[in-house]
Amino acid sequence: MNFEESDEEKMFREAVREFAQKHVAPVWRDYDKNHEIPRDLIKKMADMQLWAPTVSEEYGGAGISMTMACIAAEELAKADLSIALPVMYLVEASWGFIFDMYGTHEAKSELLPRVTKGDLFFGIATTEPTGGSDLVNSTKTIIKPKGDGYVVNGEKVYISGIAETEKYGGVYWTLGKSDPKGNHKAFDAFILPLNMGDGLHPGITTTLFEDMGRMGVSTGGFNIENVEIPKHYLIGEHGKGFYHAMEGFSAARVLIAATCLGSATESLDIGIDYTKQRRQFGRPLAAFEGIQFEGVKAWMALQADTLLTYKAASIMDKHYREKDPKYTKLDIAQWTAAAKYRAPHDALDAITMAMTWHGAFGYTKECPLEAAYRGVRSYTVGAEGGAHIQLVVQARELFGAENLPYRQEKQP
Ligand SMILES: Cc1cc2nc3c(=O)[nH]c(=O)nc-3n(C[C@H](O)[C@H](O)[C@H](O)COP(=O)(O)OP(=O)(O)OC[C@H]3O[C@@H](n4cnc5c(N)ncnc54)[C@H](O)[C@@H]3O)c2cc1C
């Protein structure tokens, strides 16, 4: 058991912090207002090898561990409280990582060097109009063999990065079924080329939703009409797409936990500073135990979640990097779901409390905490799996898959 970061991790944290405080902190409130992260910021991150940094060096990444990827997520979110940039970062870092693991060499050589340079967005598209939680029953997108490749039809909704993809280029790690009536073994994962940099694919039409938070990154949806993809765009084995997606969710979930903790830790610091300045009843707010105890409780929750998050990240590193057989994909799913459940909730509580300490000012757009609130809220609502689903995943490990409620009707 080692609770210390290694020298390499400490240096990395310092480098990301310096970068984020210099280049992200001064501009995030602008892009929260005008709804677009500047391209040159993304390019600067790519120059620092911080864009899809978990991708292996062979394909242009830095091949960093999940622990280090979480460190970067935390530091970026301390600089961008709205978490828009961290969201884009974590989508690339998680789904890029899983694509690097299961994609074909041909597809990875074609796409990943462009992704890691920040030129091509690499998104994730699993959610459909009929639901994002019960993918087995909700997925209507169909992928069928055609000629040397496949043809895809369907619709995806509540997808991050659609406006950016339309404007600058992007591909999506997508889930579809080869048999509409099939179960989780009927899924294929594949790359859907929405915009390879030369305009939207003619078979794709997009829509945009107006979100309440993380305004620097867009959320939208797309229709897929007879989009033909080459055979090498299939990710992993035919029929294994569902399982590969679950690994992608785990990677995204641990990074989400780190992101929410970064935003909340900084918000708590801002709140504590404010209570030291603001005086009521003849003394600083910080001198009232009612305020102190709230702050201490929030701090304890964030510390506990930080340990949980880095434990989840270390289990991933043990499994994927060290190939330690003690840690399975189910362990990863359980621990990352625990981190994804707790961190956004405790982060939201801490941010809400720090807003309250600011009184009326906390409810204005002058105060940066409202953007943190709006951003972190997305991860208690749904993105990369709703809160209940994180409990379902853990319950499966604790009580056994045979006791999953949705399997009960199939039992005698
Ligand atoms: C800001 C944002 C960005 C997103 N970006 C992406 C993206 O890039 N790509 C993508 O594919 N998706 C994305 N999503 C969608 C996200 O993955 C889904 O919102 C999520 O999976 C839940 O699906 P749903 O919204 O259809 O809710 P539903 O599946 O309809 O669920 C509704 C509610 O019921 C709860 N629920 C479901 N099943 C159970 C159960 N068994 N027991 C108890 N409660 C249950 C859910 O937790 C949820 O609260 C994004 C969502 C948001 C909010």
Side-chain angles (χ1 to χ4, degrees), residues 32 35 82-96 98-99 121-141 154-166 170-176 187 189-192 194 206-222 224 241-242 244-246 248-253 255-256 259-260 263 337 340-341 344-345 348 371 373-396 399 401 403-409:
D32 187 56
H35 301 185
S82 79
I83 71 166
L85 184 71
V87 165
M88 283 197 103
Y89 157 85
L90 78 86
V91 169
E92 314 292 287
S94 51
W95 294 96
I98 300 297
F99 176 52
F121 181 67
F122 193 87
I124 164 67
T126 58
T127 310
E128 302 208 358
T130 35
S133 303
D134 178 9
L135 289 176
V136 170
N137 290 304
S138 304
T139 302
K140 310 291 176 219
T141 295
E155 185 182 359
K156 301 286 175 185
V157 285
Y158 306 118
I159 306 300
S160 302
I162 294 297
E164 294 81 351
T165 290
E166 196 160 351
V171 296
Y172 278 78
W173 199 112
T174 308
L175 264 190
F187 280 87
F190 53 91
I191 293 290
L192 197 69
L194 258 67
T206 59
T207 48
L208 288 175
F209 302 108
E210 206 177 328
D211 277 337
M212 66 178 267
R214 56 194 226 181
M215 306 310 286
V217 54
S218 67
T219 309
F222 53 87
I224 316 158
F242 187 81
H244 301 327
M246 294 305 125
F249 283 129
S250 291
R253 284 168 186 169
L255 289 163
I256 286 167
T259 296
C260 293
S263 180
K340 162 67 161 72
Y341 181 83
H345 279 97
L348 196 67
Y373 177 87
R374 288 186 279 110
V376 167
R377 186 76 174 97
S378 69
Y379 287 129
T380 59
V381 171
E384 306 277 5
H388 310 91
I389 299 310
Q390 311 315 313
L391 299 179
V392 169
V393 169
Q394 294 172 74
R396 182 188 64 202
F399 292 88
N403 284 316
L404 280 169
Y406 53 81
R407 293 223 175 132
Q408 294 309 299
E409 66 274 18

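Both counts, for ligands and for their atoms, begin at 1 and track the order of listing. By convention here, the first residue in the shown sequence is residue 1.
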In the complex you have, is atom 32 (C) of ligand 1 within reach of the protein, judged by whether a heavy-atom distance drops under 4.0 Å? no

I need the atoms of ligand 1 closer than 4.0 Å to a non-hydrogen atom of Ala125, numbered in the order shown. 11 (O)

For ligand 1, is there an N or O atom under 3.5 Å from any N or O atom of Gly132? yes

of all protein heavy atoms, closest to atom 27 (O) of ligand 1 is Ser133 OG, 4.2 Å

Numbered atoms and elements of ligand 1 in range of Ile124, under 4.0 angstrom, heavy atoms: 7 (C), 8 (O), 9 (N), 10 (C), 11 (O)

Would Ser250 and Arg253 count as having a side-chain donor-acceptor pair, cut-off 3.5 Å? no

Less than 3.5 Å apart, which donor and acceptor atoms pair up between the side chains of residues 132-139 and the rest of the protein, not counting sequence neighbours?
from   : atom 1 : to     : atom 2 : distance (Å)
Asp134 : OD1    : Asn137 : N      : 3.4
Asp134 : OD1    : Asn137 : ND2    : 3.3
Asp134 : OD2    : Asn137 : ND2    : 2.9
Ser138 : OG     : Thr130 : O      : 3.4
Ser138 : OG     : Asp134 : O      : 2.8
Thr139 : OG1    : Leu135 : O      : 2.7

So is there a nitrogen or oxygen of His388 less than 3.5 Å from a nitrogen or oxygen in ligand 1? yes

Under the side-chain hydrogen bond (donor to acceptor under 3.5 Å, both in side chains) definition, can you give me all pairs with a residue in residues 86-95, not counting sequence neighbours? Trp95-Glu384

Is atom 16 (C) of ligand 1 near the protein, in the sense that some protein heavy atom lies at less than 4.0 Å from it? yes

So for ligand 1, is Thr127 a polar contact partner (N or O within less than 3.5 Å, distance only)? yes

Nearest heavy atom to atom 8 (O) of ligand 1 wins, so pick from Ala387, Ser160, Ala252. Ser160

Which residue supplies the protein heavy atom nearest to atom 11 (O) of ligand 1, what is that atom called, and how far is it? Thr126 N, 2.8 Å

How close does the nearest protein non-hydrogen atom get to atom 13 (C) of ligand 1, and which residue and atom is it? Tyr158 O, 2.6 Å

Would you say Glu128 has any N or O atom under 3.5 Å from an N or O of ligand 1, going by distance alone? no

Checking the N or O distance criterion of under 3.5 Å, is ligand 1 in contact with Asp134? no

